[in-house]
> 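Sending over a structure as structure tokens; questions will come in a sec.
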Amino acid sequence: MSRRKRGILRVLFLLLLGWLVWTMFGPAFLPSPQVPAPLPPVARPDAPDPSAPIQGQVDRILIEKSARRLSVYQRGTVIRQYRIALGFAPEGDKIRQGDGKTPEGVFKINRRNDRSQFHLSLGLDYPQAGDRERARQGGYDPGGDIFIHGQPNQIAEGMRVSGDWTEGCIAIDNHQIEELFAATGIGTEVEIRP
């Protein structure tokens, strides 16, 4: 092989070797790109402070049974969300007394009880006319006394009954029902979704 060809092959070999070394180790010697520090979150002026007491009256309450969540609204904005317990047979709509189901639909708060067997309670206008008519035609009792309430008065303060344990009511912690009770008037809409 001629000297010129050997020189060209040597140069090609060195270029190939340099390229391999660069692809394997070169990026490690480059400075890493400077990523700016994340900006702190900006507080929305209209966002409610969850640690502050509810100011004024609640407009609406939404209960989502499958999520075990109660959301409290003021002026169309969720201001609180509470974890809930339901009736001992939570799947489906309430049909009759003793079925352990929590009713579904749109209701109104129609009574407030500060001497409940549970820590405070807000009563719903269940059964409604359709529930009573269905029960009359079926020959059974539609049930009643559905409330949003706290924990049983017999348990120690700060304790929570686990699981779905009510007879069809919606239960939250005592400090939560105290806050909700103070801000919820007669006629407040309560929607209960599956």
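The model shown is predicted, which means the values in this text are computed figures rather than measured ones. Residue indices begin at 1 and follow the sequence shown.
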> More than 12 foreign heavy atoms under 6.0 Å from CD of E167: is that the case here?
no
> Please report the closest heavy-atom contact between G56 and A183, naming both atoms and the distance.
O-CB, 3.6 Å
> Working to the nearest 0.5 Å, report the span between CD of Q81 and OH of Y73.
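Reported to 0.5 Å precision, the distance equals 7.5 Å.
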> Would you check if E104 and P194 make a side-chain contact, meaning some heavy-atom pair closer than 4.5 Å?
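Contact flag for E104/P194 side chains = yes.
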> Step by step, would you call T184 with V190 a side-chain contact (heavy atoms from CB on, under 4.5 Å)?
CA-CA 11 Å; T184 304; V190 177; over 6 Å; no
> Please round to the nearest 0.5 Å and tell me the distance separating atom OG of S116 and atom NE2 of H149.
6.5 Å
> Are I79 and L180 in one and the same hydrophobic cluster, where Ile, Leu, Val, Met, Phe, Trp and Tyr link if side-chain heavy atoms are under 4.5 Å apart?
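Linked within one cluster.
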> Determine yes or no for a side-chain-to-main-chain donor-acceptor pair under 3.5 angstrom, with T188 supplying the side chain and I109 the backbone.
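No.
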> Would you call V72 and L62 a side-chain contact if the rule is heavy atoms closer than 4.5 Å?
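When only atoms from C-beta onward are counted, L62 and V72 do not touch, as no gap falls below 4.5 Å.
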> Could you tell me whether R80 and E179 have a side-chain N and a carboxylate O separated by less than 4.0 Å?
yes
> Does Y82 offer a backbone N or O that forms a donor-acceptor pair with the side chain of Q176 under 3.5 Å?
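Pair absent, no side-chain N/O of Q176 close to backbone of Y82.
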> Any chance you could measure F88, atom CZ, to T102, atom OG1, to the nearest 0.5 Å?
10.0 Å
> Around E91, counting heavy atoms of other residues, nucleotides and ligands shown, do more than 12 lie under 6.0 Å from its CD?
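No, CD of E91 has 12 or fewer neighbouring heavy atoms, counting only those of other groups under 6.0 Å.
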> Would you say I54 ends up clustered with I84 if hydrophobic residues are merged whenever their side chains have heavy atoms under 4.5 Å apart, either directly or through other cluster members?
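Hydrophobic grouping puts I84 with I54.
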> In the structure I gave you, are the side-chain heavy atoms of R83 and R160 within less than 4.5 Å of one another anywhere?
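They are in side-chain contact.
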> How close do R193 and R60 get, counting heavy atoms only, and between which atoms?
NH2-NH2, 3.9 Å
> Within the distance-only criterion (no hydrogens, no angle test), does the side chain of D114 pair as donor or acceptor with the backbone N or O of L120 below 3.5 angstrom?
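Checked: no pair found.
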> Same cluster or not: are L122 and I186 linked, directly or through other Ile, Leu, Val, Met, Phe, Trp or Tyr residues, by side-chain heavy atoms under 4.5 angstrom apart?
yes
> Do F181 and F147 share a hydrophobic cluster (ILVMFWY, side-chain heavy atoms under 4.5 Å, transitive)?
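The answer is no; the residues belong to distinct hydrophobic clusters.
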> Does any N or O in the side chain of D93 come within less than 3.5 Å of the main-chain N or O of P103, such that one atom is a donor and the other an acceptor?
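No.
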> Under the side-chain contact (heavy atoms from CB on, under 4.5 Å) criterion, do R68 and I63 qualify, and how do the steps go?
CA-CA 8 Å; R68 300 300 189 274; I63 296 165; over 6 Å; no
> Without swapping roles, check the side chain of D173 against the backbone of H175 for a donor-acceptor pair under 3.5 Å.
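No; zero donor-acceptor contacts below 3.5 Å.
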> Just how far is it from atom CZ of F118 to atom CD1 of I177, taken to the nearest 0.5 Å?
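Going from CZ on F118 over to CD1 on I177, the span is 11.5 Å.
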> Please step through side-chain contact (heavy atoms from CB on, under 4.5 Å) for the pair Y140 and Q97, ending with a clear verdict.
CA-CA 8 Å; Y140 55 83; Q97 178 70 31; over 6 Å; no
> Check for a donor-acceptor pair, side chain of R112 on one end and backbone N or O of G185 on the other, with a separation under 3.5 Å.
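Flag not set: sc R112 to bb G185 has no pair under 3.5 Å.
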> Answer yes when K108 and D125 have at least one side-chain N-carboxylate O distance shorter than 4.0 Å, and no when they do not.
no
> With hydrophobic residues grouped by side-chain heavy-atom distances under 4.5 Å, do L124 and V106 end up in a single group?
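Different hydrophobic clusters.
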> Compare every heavy atom of I95 with every heavy atom of Y126, then report the nearest pair and how far apart it is.
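Minimum heavy-atom separation between Y126 and I95: OH-O, 4.1 Å.
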> Should D164 and K101 be marked as a salt bridge (Lys or Arg N to Asp or Glu O under 4.0 Å) after you check the CA-CA gap, both sets of side-chain angles, and the distance that decides it?
CA-CA 10 Å; D164 291 320; K101 297 186 180 303; over 6 Å; no
> Do NZ/NE/NH1/NH2 and the carboxylate oxygens of D131 and K94 come within less than 4.0 Å?
no
> I'd like to check C169 versus I148 (side-chain heavy atoms, cut-off strictly below 4.5 Å). Are they in contact?
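No, their side chains stay 4.5 Å or more apart.
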> Identify the heavy atoms of A171 and G150 that sit nearest to each other, and give their distance.
CB-O, 4.3 Å
> Quick one: CD1 on I172 to CD on Q151, what's the gap to the nearest 0.5 Å?
9.0 Å
> Starting at CZ of R115, measure out to OG of S121 and round the result to the nearest 0.5 Å.
12.0 Å
